[in-house]
2 protein chains.
Amino acid sequence: MPSVIMNPPDALAQRLADSGLRSTPQREFIYGVLMKKRDHPTADEVYARVRADLPSISLATVYNCLETLVQCGLIRVVNFERGPTRYCPNLSPHAHFHDEQSGTIHDIDLPADLLEKVASILPPGFDAKSVEVTFRGKSQPAA
Amino acid sequence: MPSVIMNPPDALAQRLADSGLRSTPQREFIYGVLMKKRDHPTADEVYARVRADLPSISLATVYNCLETLVQCGLIRVVNFERGPTRYCPNLSPHAHFHDEQSGTIHDIDLPADLLEKVASILPPGFDAKSVEVTFRGKSQPAA
DNA sequence: CTAACAAATTGGAATGGTTCTAAGTAGCAA
DNA sequence: TTGCTACTTAGAACCATTCCAATTTGTTAG
Ligand SMILES: [Mn+2]
Ligand SMILES: [Mn+2]
Ligand SMILES: [Zn+2]
Ligand SMILES: [Zn+2]
């Protein structure tokens with residue numbers, strides 16, 4: 001047994017193992033990209049960022065890995081109209097504000113009680129697995 | 001002046017005129033398709049339906065006319081994930097329930113006071129021009 | 001009515017994000 | 001070592017939508 005103290009397994013390796021999937025450099029770096037700059041990048045933007053560390057990664061792999069991370073529940077998918085799919089690292093319940101001018105996406109905290117009220121408008125017979133709240137408009141640049 | 005009594009101008013002709021646009025058979029029939037079966041068809045589905053009356057209409061024209069109707073505020077655009085854009089004839093405030101099994105879209109009435117509460121979660125500096133509420137899940141077939 | 005002009009339609013090509021495919025690579029197990 | 005499976009890769013294919021250039025239609029002016 002080596003004297004090296006084992007690091008606690010990171011969230012990614014753990015989740016992948018739970019799903020019977022392997023931890024690969026591509027998955028690790030892509031996950032890192034999402035965790036580091038917590039915005040809402042497109043697959044192309046993730047591709048551009050991860051190429052700094054993995055110059056030979058392919059765009060197909062970026063799509064594959066992002067899909068894997070979504071399946072593992074580590075990131076979420078966000079879509080605005082027909083624009084390219086974006087990926088969101090924020091797992092807490094929130095709405096999205098899409099600034100039309102800048103194209104920026106802002107996370108808006110969504111209180112649990114409001115989420116409940118929204119879900120309660122569904123007539124009997126409707127069983128919602130997910131609720132999405134999306135705003136579009138102008139936002140002041142942050143102070 | 002002809003003795004024919006003039007029909008009250010329909011909503012479409014009126015709205016088009018207001019925008020300096022012409023009333024064309026293509027626009028009239030496409031609008032009719034949306035008003036008749038008040039579901040959420042894709043451009044292809046509209047194309048299929050309108051070809052019964054206008055066999056020589058082109059898909060490009062279907063896209064053009066639908067966009068025109070949206071600009072005139074007569075119909076609305078709805079998107080689910082990356083699926084083809086759908087068109088909604090219901091102009092009152094409502095949420096959409098997307099049945100994953102059947103692919104059906106259901107309109108869910110959205111009370112004005114709830115819409116207000118939802119809009120009120122926006123911090124100062126955010127000016128929303130539109131709010132969208134979307135559910136995804138299973139729905140019982142209507143009785 | 002005709003001529004001129006602008007608006008609208010058309011078929012087909014181009015676009016762009018995403019998915020598919022087939023071939024290669026890497027890690028693990030017997 | 002061999003075999004097995006998962007994973008990555010490059011590039012082709014896909015498909016909803018937009019663009020383009022040519023034609024048709026409608027409107028207006030003479
Ligand atoms: Mn945008
Ligand atoms: Mn669907
Ligand atoms: Zn988010
Ligand atoms: Zn609707």
Side-chain angles (χ1 to χ4, degrees), chain A residues 12-13 15-33 40-51 53-72 74-87 103 105, chain B residues 9 12-13 15-33 40-51 53-72 74-88 103 105:
Chain A
L12 173 54
R15 291 296 194 99
L16 288 171
D18 291 353
S19 304
L21 301 172
R22 292 180 188 163
S23 175
T24 68
Q26 289 86 350
R27 286 170 179 170
E28 292 284 352
F29 276 105
I30 287 175
Y31 184 61
V33 160
H40 297 81
T42 64
D44 264 327
E45 287 164 352
V46 173
Y47 184 44
R49 292 179 201 174
V50 79
R51 280 220 275 185
D53 294 308
L54 294 175
S56 67
I57 196 175
S58 75
L59 180 57
T61 298
V62 172
Y63 275 103
N64 291 340
C65 293
L66 287 169
E67 175 61 16
T68 298
L69 297 178
V70 170
Q71 301 303 51
C72 291
L74 291 162
I75 63 176
R76 294 161 54 174
V77 165
V78 181
N79 283 280
F80 299 101
E81 283 106 52
R82 300 262 325 156
T85 294
R86 293 173 176 279
Y87 297 87
I105 311 305
Chain B
L12 174 54
R15 292 295 195 103
L16 288 171
D18 291 351
S19 304
L21 301 172
R22 292 180 187 163
S23 176
T24 68
Q26 289 86 349
R27 287 170 178 168
E28 293 284 353
F29 276 105
I30 287 176
Y31 184 60
V33 159
H40 297 80
T42 64
D44 264 325
E45 287 164 352
V46 173
Y47 184 43
R49 293 181 201 172
V50 79
R51 281 219 275 185
D53 294 307
L54 294 174
S56 67
I57 195 173
S58 76
L59 180 57
T61 298
V62 172
Y63 276 102
N64 291 340
C65 293
L66 287 170
E67 175 61 16
T68 298
L69 298 178
V70 170
Q71 301 304 52
C72 292
L74 291 162
I75 62 175
R76 294 161 54 175
V77 164
V78 182
N79 283 280
F80 299 100
E81 283 106 54
R82 300 261 326 157
T85 295
R86 293 175 175 279
Y87 298 87
C88 169
I105 311 306

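Values below: all heavy atoms of this structure, side chains included; hydrogens, waters and symmetry mates excluded. Within every chain, numbering begins at 1; the chains are lettered A, B, ... in the order of the sequence lines, protein sequences first and strands thereafter.
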On the six-membered ring of Tyr31(A), is Arg27(A) placed so that its NZ or CZ lies under 6.0 angstrom from the centre and within 45° of the ring axis? no

Once you apply a heavy-atom cut-off of 4.0 Å, does Ser56(B) come out as touching a base, just sugar-phosphate, or nothing? sugar-phosphate

At under 4.0 Å, does any side-chain N or O of Ser58(B) touch on OP1 or OP2 of dT9(C)? no

Got a second to check how far Gln26(A)'s CD is from Thr61(A)'s OG1, nearest 0.5 Å? 6.0 Å

OG1-CD1 distance between Thr24(B) and Ile57(B), expressed to the nearest 0.5 angstrom: 8.0 Å

Could you state the OH-P distance from Tyr63(A) to dG16(C), rounded to the nearest angstrom? 13 Å

Euclidean distance, Tyr63(A) OH relative to Thr85(A) OG1, rounded to 0.5 Å: 7.0 Å

Distance, rounded to the nearest Å, where Arg82(A) contributes CZ and dT15(C) contributes P: 18 Å

Here's a test of your reading of the structure: between Asp44(A) and Ala60(B), which maps to the more 5' nucleotide of DNA chain C? Ala60(B)

Which is the 5'-most and which the 3'-most nucleotide of DNA chain D that has an atom under 4.0 Å from a heavy atom of chain B? dA16(D) to dT27(D)

Can you tell me the distance, in whole Å, between the CG atom of Asn64(A) and the P atom of dT19(C)? 9 Å

Interatomic distance, SG@Cys72(B) vs CG@Asp18(B), rounded to 0.5 Å, equals 8.5 Å

Pairwise distance CG(Leu54(A)) to CZ(Arg49(A)) - rounded to 0.5 angstrom: 15.0 Å

Give the residues of residues 17-26 of chain A touching DNA chain C, defined as any heavy atom closer than 4.0 Å, sorted by residue number. Arg22(A)

Kindly compute the distance separating CG (Asp53(A)) from CD (Glu28(A)), expressed to the nearest 0.5 Å. 12.0 Å

Side chain to side chain contact (heavy atoms under 4.5 Å, CB included) assessment of Val77(B) paired with Tyr87(B): CA-CA 5 Å; Val77(B) 164; Tyr87(B) 298 87; 3.9 Å; yes

Spacing between Arg27(B) atom CZ and dA8(C) atom C1', to the nearest angstrom: 6 Å

